[in-house]
2 protein chains.
Amino acid sequence: MAEDKVFELGNDKRVTVREFKGRTLIDIRAFYEKDGKKLPGSKGISLTEAQFEELSEQVQSIQDAVLAM
Amino acid sequence: MAEDKVFELGNDKRVTVREFKGRTLIDIRAFYEKDGKKLPGSKGISLTEAQFEELSEQVQSIQDAVLAM
């Protein structure tokens, strides 16, 4: 099984790419520290490959929406 | 106040760009249906503009990680 890959978003939020039951999940989640270890919190969501692809394709539109707020 | 902007990721997962207490948040969340209305569920995370920018900049690297799994 491939190792998890981690991408930091700042302020203890992370994207983790991992295998789960034979599928690849892209988990976007807040972590917290306990006893010197970073643990995954309840705030977060796992996307499938298809959902992350949808997100990727809409990043520019989302950035435009942010700028228009 | 600007209206929320919604981007569908499929399977009732959505990105919502909205203002909250004077800041713009990018919320990635699963919705569920109740009485014919879509309601936000507990699975999700709100990103700040800076965190979403970090995500945007790493989309290609995350896609590469997905393909390498």
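In what follows, chains carry the letters A, B, and so on, assigned in the order in which the sequence lines appear, proteins first and then strands, with residues in each chain numbered from 1. Computed from a predicted model, the values in this text were never measured in an experiment.
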Euclidean distance, [Y] [atom2] relative to [X] [atom1], rounded to 0.5 Å:
X	Y	atom1	atom2	result
S46(A)	K43(B)	OG	NZ	8.0 Å
L47(A)	N11(B)	CG	CG	10.5 Å
I45(A)	I45(B)	CD1	CD1	9.5 Å
D12(B)	Q51(A)	CG	CD	10.0 Å

With a 4.5 angstrom heavy-atom cut-off, which part of [X] approaches chain B: side chain, backbone, both or neither?
X	value
F52(A)	side chain
K13(A)	side chain
E57(A)	neither
L55(A)	both

Exercise. Is it true that F7(B) and I28(A) fall in one hydrophobic cluster, defined by side-chain heavy atoms closer than 4.5 Å?
Worked result: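 Yes; I28(A) is reachable from F7(B) via cluster members.
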
For this session: Flag yes if L9(A) and V17(B) sit in one hydrophobic cluster, no otherwise; membership is Ile, Leu, Val, Met, Phe, Trp, Tyr, and two members link when side-chain heavy atoms are under 4.5 Å apart.
Result: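 In one cluster with L9(A): V17(B), yes.
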
For this session: Please assess Q58(A) against V15(B) for the test side-chain contact (heavy atoms from CB on, under 4.5 Å), listing each intermediate value before the final yes or no.
Result: CA-CA 10 Å; Q58(A) 297 181 85; V15(B) 177; over 6 Å; no

Which atom pairs, one a donor and one an acceptor, fall under 3.5 Å between side chains of residues 61-69 of chain A and the rest of the protein, sequence neighbours left out?
residue, atom, partner, partner atom, Å
Q63(A), NE2, E53(B), OE1, 3.4
Q63(A), NE2, S56(B), OG, 3.3
D64(A), OD1, Q60(A), NE2, 3.2

Exercise. What part of E49(B) lies closer than 4.5 angstrom to a heavy atom of chain A: side chain, backbone, both or neither?
Worked result: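 Interface part for E49(B): side chain.
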
Exercise. Just wondering, are more than 12 heavy atoms of other shown residues or ligands nearer than 6.0 Å to NZ in K5(B)?
Worked result: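 Atom NZ in K5(B) is packed in, count exceeds 12.
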
